[in-house]
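Hydrogens, waters and symmetry mates are skipped; everything else that's a heavy atom, side chains included, is used.
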Amino acid sequence: MSMGFSSLEPTVVVPPCGTWGHGERMAYTTAESWLGQRFEPAGPPDALVMRYLAAFGPASVRDLQAWSGLPRMGAVLERLRPALRTFRDEHGAELFDVPGARRPDPDAPAPVRFLSEFDSVLLAHADRTRILSEAARRRVFTVNGIVRATILVEGFVQGTWRIERQRGTATLCIDPFTRLSRETRGALTDEGARLLGFAAEDARRTDIRFGRAG
């Protein structure tokens, strides 16, 4: 019943539920009650589209529809075309973006990054091959609907990570899909230390462990 209600009525998770490391049962309330105001009838999705493109552009019509769950977004993008920049990807698909978006040089190095479970970077596009190979996708997207936390190396998903806790120690476990260079392992160690400082600040001791590649 609660799942059906949340599908029909906007809801929010009431803090401290849903916060980092909080394992108690979730508590929900309606968004209108939490915000203290009534919602107006839904208007055109123009602002939603512009905010999506500002975060995840350049993107295609299919990308936008996959992220938003809304159909017929081609007509919206066509209406907004005068305010957007357009490109073509290597397959000829048209991509849209906001005019002032930063576009790094294609040869600029991509720093290593740790992405969380269900990270929007992996979910915001219908075409995920720009950072996720099909082989990697099968290891990241599980059959029961979990999207694992991942590492980015040179802009592509190259492994998964998790934090294990035991007796006051928090261990960042990195499982690479392929063999990593010494330089990459060093960069992941530095970035992983910063991650542990955020995600396990209460741990008495922290450690970083690399699993066997493959």
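- In the hydrophobic cluster analysis, where Ile, Leu, Val, Met, Phe, Trp and Tyr join through side-chain heavy atoms closer than 4.5 angstrom, L115 is grouped apart from F156.
- Under the 4.5 Å side-chain heavy-atom criterion for grouping Ile, Leu, Val, Met, Phe, Trp and Tyr, V153 is not connected to I131 through any hydrophobic cluster.
- Side-chain contact between T150 and D119: absent, with no pair of heavy atoms (C-beta onward) separated by less than 4.5 Å.
- The closest donor-acceptor contact from the side chain of S68 to the backbone of L64 lies under 3.5 Å.
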Any chance you could lay out the side chain to side chain contact (heavy atoms under 4.5 Å, CB included) test for R130 and D63, step after step, and finish with the verdict? CA-CA 12 Å; R130 62 182 71 186; D63 291 332; 3.4 Å; yes
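- Considering every non-hydrogen atom in both F177 and A136, the closest pair reads CE1-CB, 3.9 Å.
- Note that CZ of R51 is 12.5 Å distant from CG of L53, once rounded to the nearest 0.5 Å.
- Q65 contributes atom CD, which lies 8.5 Å from atom CG of L70 (distance to the nearest 0.5 angstrom).
- Within a 6.0 Å radius of CZ in R62, other residues, nucleotides and ligands contribute 12 heavy atoms or fewer.
- Put simply, the side chain of F39 reaches to within 4.5 Å of the side chain of P10, judged on heavy atoms.
- Atom CD of E134 has more than 12 neighbouring heavy atoms from other residues, nucleotides or ligands inside a 6.0 Å radius.
- With a 4.5 Å cut-off on side-chain heavy atoms, L84 and M50 count as touching.
- For the residue pair A199 and R165, the shortest heavy atom distance occurs at O-NH2, 3.0 Å.
- For residues 79-88, the pairs satisfying salt bridge (Lys or Arg N to Asp or Glu O under 4.0 Å) are D46-R79, E78-R81, R81-E94, with sequence neighbours left out.
- The distance from atom CZ of F87 to atom CG of D97, rounded to the nearest 0.5 Å, is 6.0 Å.
- The list of side-chain hydrogen bond (donor to acceptor under 3.5 Å, both in side chains) pairs with a residue in residues 167-177, not counting sequence neighbours, reads R162-D175.
- Counting heavy atoms from C-beta outward, R209 and C173 have side chains that approach closer than 4.5 Å.
- Of all the heavy atoms in P45 and V76, the pair that sits closest is CG-CG2, 3.9 Å.
- Atom OG in S133 sits 8.0 Å away from atom CZ in R138 (nearest 0.5 Å).
- Transitive grouping of hydrophobic side chains (ILVMFWY, heavy atoms separated by less than 4.5 Å) brings M73 and L48 into a common cluster.
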Applying side chain to side chain contact (heavy atoms under 4.5 Å, CB included), run through L132 and H125 and close with a yes or a no. CA-CA 11 Å; L132 182 70; H125 301 91; over 6 Å; no
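- With contacts defined as side-chain heavy-atom distances shorter than 4.5 Å, the pair I163/W161 qualifies.
- Note that CD1 of I208 and CG of L172 are 5.5 Å apart. Values are rounded to the nearest 0.5 Å.
- A donor-acceptor contact shorter than 3.5 Å links the side chain of R103 to the backbone of A101.
- Judged purely by atom type and a 3.5 angstrom limit, Y52 has no side-chain atom pairing as donor or acceptor with the backbone of W67.
- Between L35 and V12 there is no side-chain heavy-atom pair separated by less than 4.5 Å.
- Annotation for T189 and F210: closest pair OG1-CE1, 3.6 Å, computed over non-hydrogen atoms.
- Here the CG-CD distance, from L152 to E191, works out to 10.5 Å after rounding to the nearest 0.5 Å.
- Electrostatic pairing of D190 and R185 does not count as a salt bridge here, judged by no charged N lying under 4.0 Å from a carboxylate O.
- Closest non-hydrogen pair, A170 versus A203, comes out as CB-CB, 3.8 Å.
- Across all their heavy atoms, D105 and D107 have their closest contact at OD1-N, 2.7 Å.
- A heavy-atom distance below 4.5 Å is found between the side chains of F56 and S120.
- Counting heavy atoms from C-beta on, the side chains of V140 and V157 come closer than 4.5 Å.
- Under a hydrophobic-cluster definition in which Ile, Leu, Val, Met, Phe, Trp and Tyr are linked whenever side-chain heavy atoms come within less than 4.5 Å, directly or via other members, F114 and L196 are assigned to the same cluster.
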When you look at I146 and F118, which way does the side chain to side chain contact (heavy atoms under 4.5 Å, CB included) test go after all the steps? CA-CA 7 Å; I146 299 298; F118 301 98; 4.0 Å; yes
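- Residues in residues 143-154 take part in no salt bridge (Lys or Arg N to Asp or Glu O under 4.0 Å) pair, two or more places apart or across chains.
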Worked check of side chain to side chain contact (heavy atoms under 4.5 Å, CB included) between V14 and W34: CA-CA 8 Å; V14 179; W34 182 254; 3.9 Å; yes
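- Linking ILVMFWY residues whenever their side-chain heavy atoms come closer than 4.5 Å, directly or via other members, places V98 and V61 in the same cluster.
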